[in-house]
Amino acid sequence: MTETHDVAVSPGRRPRVVLGVSGGIAAYKACELLRRLTESGHDVTVVPTAAALEFVGAPTWAALSGKPVATDVWSAVHEVPHVRIGQQADLVVVAPATADLLAKAAHGLADDLLTTTLLTARCPVVFAPAMHTEMWEHPATQANVATLRARGVLVIEPAEGRLTGKDTGKGRLPEPEEIFATCQEVLTRASTAATTHLTDLHGRSVVVSAGGTREYLDPVRFLGNRSSGLQGYALARAAAARGAEVTLVAANVSLPDPAGVKVVRVETTAQLRQEVVSAAAAADVVVMAAAPADFRPTEVSAAKIKKAADGSAAAIELQQNPDILHEISTDRARSGQIVVGFAAETGDDSGSVLELARAKLARKGCDLLVVNDVSGGAVFGSPENEAVILAADGASFDVPRGSKAALAHVIWDQVRRRLD
Ligand code: CTP
């Protein structure tokens, strides 16, 4: 398998990104991606194909990138742009990538500036395909995508939804902010000396749960919790950026879908259990980052519960919900499947945070337990997290305070090590 990151970004230098744009209507969304890349300090060279220029003209790309736009191999030939642009890049991202462009890239055709750039680039390459469902599903396109992925290229799974015209289906370009997030993940990982293979989860199917479940009392009231879903979303995004096929079961999360991730939305613990167990059947890894409600009301009123005239309040009777993590850990759907749990602990009279977590790891039967000390509600909704990862084999790893994305990658590193 090809290594994909020979170009190191030296400290202080702006990362050089080539934004390739091929000829699809989603080219207009690449303007937003370009804006995010330049505003966050990247040095972006836009390379549109001739067909892309039919959708969005060169002046737009020049204005948004702050640079002249190279559109063909015959301009400024003395600077050898067809070689130089690719050689100097830290990242090449093609958004949208059409079926035609993917076919050319898979077969090494090089008849314009973007395709020559793809052949000369030795940095990570990300394709964000967008096309009609039939074109995406065609065996020719799927074979080309498989070829590119086997070479270590990240081909983001298209989103489902409205396509050009009246059609809906798989083939939409993911939201520009999420393609941008994927680019950041890839650039960050490529600049980490320890990274040996960027798409090290390619060929792996993973399930991540996120958010907090709701248990309804009546049509408008529920018992819930403070989970924001940020850590679960960071895990899903990180796994997709490492090439995994990702299903994210999201309970009541209002965050945008991470690029390339299949998102299944649920509300209650029973729904979460059903979707996680069903997706786990074909998964190499299951990560339970969600906070399922442990109890649900024994009865759910079909009508809105009214206040009593005498001022009394009815007691709510609760019953326990199934423990999903325990179920999937003790009844593994596949041999070698890795199961990761989370534990939010405060410590109490019966033990310290870590003592309670060790006992929880044994009780749940999972392979890894990511332990957060939540005394004071520290991690809820915060973009940062710190944790200790406990392994069933007795090992433990401290993860210092940092972004939830950084913690996600440490978790995937530990999972990856155990997968073979
Ligand atoms: N979990 C689960 N199903 C539940 C409750 C929790 O799968 N019904 C999972 C969570 O997703 C998390 C892990 O179990 O990965 C730990 O959750 P936590 O609430 O800390 O554990 P509990 O089993 O509820 O233990 P406690 O008695 O400490 O509340």
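Atoms considered below: every heavy atom in the structure, side chains included; atoms not considered: hydrogens, waters and symmetry mates. In each ligand, atom 1 is the first atom listed, and ligand 1 is the first ligand listed.
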Next on the checklist: Quick check: closest heavy atoms across Glu215 and Asn321, and the distance to 0.1 Å?
Outcome noted: OE2-ND2, 3.0 Å
Checklist entry - Got a sec, which pairs hit side-chain hydrogen bond (donor to acceptor under 3.5 Å, both in side chains) with one end in residues 271-283, sequence neighbours left out? => result Arg273-Glu327
Next on the checklist: Does either side chain, that of His107 or that of Asn144, offer a donor lying less than 3.5 Å from an acceptor on the other one?
Outcome noted: yes
Ligand-protein N/O pairs under 3.5 Å (ligand 1):
residue	atom	partner	partner atom	Å
ligand 1	3 (N)	Ile324	N	3.1
ligand 1	7 (O)	Ile324	N	3.3
ligand 1	7 (O)	Leu325	N	2.7
ligand 1	8 (N)	Pro322	O	2.9
ligand 1	11 (O)	Met288	O	3.3
ligand 1	11 (O)	Ala290	O	2.7
ligand 1	14 (O)	Lys364	NZ	3.0
ligand 1	15 (O)	Met288	O	2.7
ligand 1	15 (O)	Phe342	N	2.8
ligand 1	15 (O)	Phe342	O	3.3
ligand 1	20 (O)	Lys360	NZ	2.6
ligand 1	21 (O)	Lys360	NZ	3.1
ligand 1	23 (O)	Lys364	NZ	2.6
ligand 1	24 (O)	Asp294	OD1	3.2
ligand 1	24 (O)	Asp294	OD2	2.9
ligand 1	25 (O)	Lys360	NZ	3.3
ligand 1	28 (O)	Lys360	NZ	2.8

Please table the atom pairs, donor to acceptor, closer than 3.5 Å between any side-chain atom in residues 234-246 and protein atoms at least two apart or in another chain.
residue	atom	partner	partner atom	Å
Arg237	NE	Glu178	OE1	3.1
Arg237	NH2	Glu178	OE1	3.3
Arg237	NH2	Glu178	OE2	3.4
Arg242	NE	Asp200	OD1	3.0
Arg242	NH1	His409	O	3.3
Arg242	NH1	His409	ND1	3.1
Arg242	NH1	Asp413	OD1	3.1
Arg242	NH2	Asp200	OD2	2.8
Arg242	NH2	Asp413	OD1	2.7

Item to check | Donor-acceptor pair between Asn385 and Gln231 side chains, under 3.5 angstrom | outcome: yes
Item to check | All pairs passing salt bridge (charged side-chain N to carboxylate O under 4.0 Å, His left out) where residues 159-177 contributes a residue, at least two apart | outcome: Glu157-Lys170, Arg172-Glu175
